[in-house]
Amino acid sequence: MNNIAVNALSDKLLALIRRRSGHAYTLGYILGKLKCTNKELALAVKLLRQSGYKVSRTKKGTIAFTSAPDFLYANEIYHGLTTKFMGRIVHAYKKVQSTNTIASQLASADAPEGTIVIAEEQTRGRGRLGRQWYSTEGFGIYLSMIVYPKIDPMHAPGLSILTAVSLADTISGYDDLDVKIKWPNDCLINGRKVAGILTELSSDLDHVHRAVIGIGININHRRRDFPEDIRKRATSLRAEMKETIHRVEFLQSFLRHFEKDYVAFRKNGLMAFRKRIIDYSLLIGNRITLDYKGTRFTGKAIDIHETGGLILELPEGNRVFTAGEVTVVKA
Ligand code: BT5
């Protein structure tokens, strides 16, 4: 039996025995269902165990599923996923340079909408303007989602804001945390960055052809797991909640939130989310400085624009910004 066949058999075995967690399935039942030999079954069990699944076998040969590892395997992500299209196709990797790069290639080859690329580790995870996203193995979620939103490129900033709202809702579902969105692309808890979003587009003047929404989420980092240069500014769900979070469940929950929001966004635009955006916003209602293309603007952030831009009240009148680096001015 070659590796591909053992893989396929272990997938079938897993699907079969995890239907009833802890139940001891008899050997005869399993061999009959999987139509394989005892030796082939032993290989499949070995592979599952090597992959981190807890599978128990008795002397009589019964087999029971005990638990699954919290690895971002495609199999795990599918199991119990209730979305219609988000995450229905998963490209899962152990280590990549950047999930956004792979997702862009897949999108150019017309991968179906909702396809995701996910990795346990990125060696060149990127932020905006060539900055780096620290993507330590096993602690975070490094995710890229492919969407074809049929919007004007002017409205593209809305995709990042929409994603931030879905993420903030997902995080809020875990605990009573002080989650904020810092326009244009950060999620913060208690003032520290827990996630960043990088949306990359392929578009012409009036039409977005495809978008890759990349999200880095700090899930199970302890403070000391962050590199020193960001330790004071970064946080994770675990650091805030003092408990380990199941990454696969978090991802499934996020995909569910995002799918619902994205469908509403396509139908009704970003303004359908205005209240939620304002409620989560760290900036709206505050005096801020915004650095844009080498110029610093100081004023009050007063609202979100339908394009996803930030509306700033300046001495010369209101102005919409589509990008920029923002700092809240301390009163
Ligand atoms: C972002 O950029 O916040 C967007 C990050 C997007 C990362 C995802 S991971 C999956 C996908 N594949 C990719 O290659 N990228 C996307 P920006 O606003 O430019 O923020 C970058 C800055 O955040 C850095 O310069 C650091 O100061 C800080 N930073 C880096 N890693 C961090 C982390 N893990 N947690 C908190 N802050 C971090």
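None of these values were measured; they are calculated from a predicted model.
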J.: Can D229 and Y134 be counted as having a side-chain donor-acceptor contact under 3.5 angstrom?
T.: yes

J.: Taking the six-membered ring for Trp and the full ring for Phe, Tyr or His, determine whether the centres of F250 and Y174 are under 6.0 Å apart.
T.: yes

J.: One pair to check against salt bridge (charged side-chain N to carboxylate O under 4.0 Å, His left out): E325 and R296. What are the steps and the verdict?
T.: CA-CA 9 Å; E325 295 302 318; R296 173 161 292 188; over 6 Å; no

J.: To the nearest 0.5 Å, what is the distance between CD on E313 and CG on N318?
T.: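 Spacing of CD (E313) from CG (N318) equals 5.5 Å.
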
J.: Using modelled atom types only, decide if a donor and an acceptor are shared between the side chain of N286 and the backbone of I288 within a distance under 3.5 Å.
T.: no

J.: Would you say the side chain of R88 lies within less than 4.5 Å of the side chain of T83, judging by non-hydrogen atoms?
T.: yes

J.: Does R266 pair with E113 as a salt bridge, N-O distance under 4.0 Å?
T.: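 Looking at E113 together with R266, the answer is yes, because their closest N to O distance falls below 4.0 Å.
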
J.: Run the salt-bridge test on R274 and D303 with the 4.0 Å N-O cut-off and return the result as yes or no.
T.: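 A salt bridge is present here (some side-chain N lies under 4.0 Å from a carboxylate O).
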
J.: With a 3.5 Å distance limit and no angle check, can you tell me whether S253 reaches the backbone of E249 through a side-chain donor-acceptor pair?
T.: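 Absent.
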
J.: Measure from the side-chain N and O atoms of S104 to the backbone N and O of I102, and report whether any donor-acceptor pair falls under 3.5 Å.
T.: no

J.: Output, in order, the C-alpha distance, side-chain angles, deciding distance and verdict of side-chain contact (heavy atoms from CB on, under 4.5 Å) for L290 and T327.
T.: CA-CA 7 Å; L290 187 147; T327 317; over 6 Å; no

J.: Does a side-chain heavy-atom distance below 4.5 Å link S160 with I213?
T.: no

J.: Shortest non-hydrogen contact from D225 to T136?
T.: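 Reported closest heavy-atom pair: O-OG1, 4.3 Å.
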
J.: Considering all heavy atoms of both residues, which atom of L251 and which atom of L72 are nearest to each other, and what is their separation?
T.: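 Looking at all heavy atoms of both residues, the shortest contact is CD2-CD2, 4.3 Å.
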
J.: Could you see if V328 belongs to whatever hydrophobic cluster contains L188? Use Ile, Leu, Val, Met, Phe, Trp, Tyr and a side-chain cutoff under 4.5 Å.
T.: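 Yes; L188 is reachable from V328 via cluster members.
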
J.: Kindly check if the number of other-residue, nucleotide or ligand heavy atoms within 6.0 Å of CG (L205) is above 12?
T.: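 No, not enclosed.
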
J.: What distance separates T289 OG1 from R287 CZ, expressed to the nearest 0.5 Å?
T.: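 If I round to the nearest 0.5 Å, the distance is 9.5 Å.
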
J.: Should we count CZ of R231 as having more than 12 external heavy atoms under 6.0 Å?
T.: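 Atom CZ in R231 is packed in, count exceeds 12.
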
J.: Report the C-alpha separation of R223 and E240 in whole Å, then their side-chain angles, then the decisive distance to 0.1 Å, and conclude whether the salt bridge (charged side-chain N to carboxylate O under 4.0 Å, His left out) test is met.
T.: CA-CA 10 Å; R223 296 235 181 270; E240 298 299 326; 3.6 Å; yes

J.: Kindly indicate, with the supporting measurements, whether the criterion side-chain contact (heavy atoms from CB on, under 4.5 Å) is fulfilled by S236 and F226.
T.: CA-CA 10 Å; S236 73; F226 289 111; 4.2 Å; yes

J.: Any Lys/Arg nitrogen of R276 or D279 sitting under 4.0 Å from an Asp/Glu carboxylate oxygen of the other?
T.: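 No, R276 and D279 are not salt-bridged.
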
J.: Between OG of S281 and NZ of K180, what distance do you get to the nearest 0.5 Å?
T.: 8.0 Å

J.: Go through H91 and T115 one step at a time and tell me if the side-chain contact (heavy atoms from CB on, under 4.5 Å) criterion holds.
T.: CA-CA 8 Å; H91 295 257; T115 298; 3.6 Å; yes

J.: Determine yes or no for a side-chain-to-main-chain donor-acceptor pair under 3.5 angstrom, with H305 supplying the side chain and T307 the backbone.
T.: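 At least one qualifying donor-acceptor pair exists.
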
J.: Please check this pair: side chain of D261 against backbone of F258, looking for a donor-acceptor N/O pair closer than 3.5 Å.
T.: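 A pair under 3.5 Å: no.
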
J.: Check whether any side-chain heavy atom of R131 lies under 4.5 Å from a side-chain heavy atom of R128, and answer yes or no.
T.: yes

J.: Decide ring-ring contact (aromatic ring centres under 6.0 Å, His included) for Y25 and F65; before the verdict, give the C-alpha distance in whole Å, the side-chain angles of both, and the deciding distance to 0.1 Å.
T.: CA-CA 9 Å; Y25 288 92; F65 168 83; over 10 Å; no

J.: What is the minimum heavy-atom distance between A44 and L13, and which atoms define it?
T.: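 A44 and L13 have their closest heavy atoms at CB-CD2, 4.1 Å.
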
J.: Looking at R224, I want to see if its CZ is surrounded by more than 12 non-hydrogen atoms of other residues, nucleotides or ligands under 6.0 Å.
T.: no

J.: Any donor and acceptor pair, going by atom type alone, linking the side chain of Q252 with main-chain N or O of H79 inside 3.5 Å?
T.: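 It does hold such a pair.
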
J.: With rounding to the nearest 0.5 Å, note down the distance linking OG1 in T26 to NZ in K60.
T.: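 NZ of K60 is found 11.0 Å from OG1 of T26.
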
J.: Are any non-hydrogen side-chain atoms of V263 and F85 less than 4.5 angstrom apart?
T.: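 Result yes, sub-4.5 Å side-chain heavy-atom pair found.
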
J.: Compute whether any side-chain donor of one residue and acceptor of the other, for N100 and E200, lie under 3.5 angstrom apart.
T.: yes

J.: Short question: side chain of T295, backbone of D291 - any donor-acceptor pair under 3.5 Å?
T.: no

J.: Within the supplied structure, the quantity of interest is the number of heavy atoms (other residues, nucleotides, ligands) at a distance under 6.0 Å from N268 CG; does it exceed 12?
T.: yes

J.: How far apart are the closest heavy atoms of V179 and Y280, and which atoms are they?
T.: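 For V179 and Y280, the tightest heavy-atom pair comes out as O-CD2, 3.6 Å.
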
J.: Roughly how far apart are I17 CD1 and I30 CD1, rounded to 0.5 Å?
T.: 6.0 Å

J.: Is the backbone N or O of I197 less than 3.5 Å from a side-chain atom of N185, with the two atoms forming a donor-acceptor pair by type?
T.: yes

J.: Determine yes or no for a side-chain-to-main-chain donor-acceptor pair under 3.5 angstrom, with D152 supplying the side chain and M154 the backbone.
T.: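 Side chain of D152 to backbone of M154: a pair is present.
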
J.: Taking all atoms of both residues into account, what is the closest heavy-atom pair of S21 and T66, and its distance?
T.: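 Closest approach of S21 to T66: OG-O, 3.7 Å.
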
J.: Answer yes or no: is there a side-chain heavy-atom contact under 4.5 Å between E137 and K94?
T.: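 Touching, per the 4.5 Å side-chain cut-off.
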
J.: Do D70 side-chain atoms and V248 backbone N/O form a donor-acceptor pair below 3.5 Å?
T.: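 The answer is yes, because a donor-acceptor pair under 3.5 Å joins these two groups.
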
J.: Let me confirm one number: the CG-CD1 distance from D206 to I151, rounded to the nearest 0.5 Å.
T.: 12.5 Å

J.: Around atom CD of E228, are there more than 12 heavy atoms of other residues, nucleotides or ligands at under 6.0 Å?
T.: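 Not more than 12 within 6.0 Å, no.
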
J.: Are P149 and Y262 close enough that some pair of their side-chain heavy atoms sits under 4.5 Å apart?
T.: yes

J.: Is L47 reachable from F71 through a run of I, L, V, M, F, W or Y residues, each pair having side-chain heavy atoms under 4.5 Å apart?
T.: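 Yes, same cluster.
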
J.: Same cluster for L16 and Y73 if Ile/Leu/Val/Met/Phe/Trp/Tyr side chains link at under 4.5 Å?
T.: yes

J.: Would you say Y142 ends up clustered with L198 if hydrophobic residues are merged whenever their side chains have heavy atoms under 4.5 Å apart, either directly or through other cluster members?
T.: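 L198 and Y142: separate clusters.
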
J.: Would I215 and L167 count as a side-chain contact (heavy atoms from CB on, under 4.5 Å) here? Give the steps.
T.: CA-CA 9 Å; I215 314 165; L167 195 54; 4.0 Å; yes

J.: For residues F139 and I217, determine if any side-chain heavy atom of one lies less than 4.5 Å from a side-chain heavy atom of the other.
T.: no

J.: Is it possible for you to say whether I302 and V326 belong to one hydrophobic cluster, with membership spreading through side-chain heavy-atom contacts below 4.5 Å?
T.: no

J.: Just wondering, do R210 and S202 contact through their side chains at under 4.5 Å, heavy atoms?
T.: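 A side-chain contact under 4.5 Å exists here.
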
J.: List the atom of S51, the atom of P69, and the distance in Å for their closest heavy-atom pair.
T.: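 Of all heavy-atom pairs spanning S51 and P69, the closest is O-CG, 3.4 Å.
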
J.: Is K12 atom NZ crowded by more than 12 heavy atoms from other residues, nucleotides or ligands, each under 6.0 Å away?
T.: no

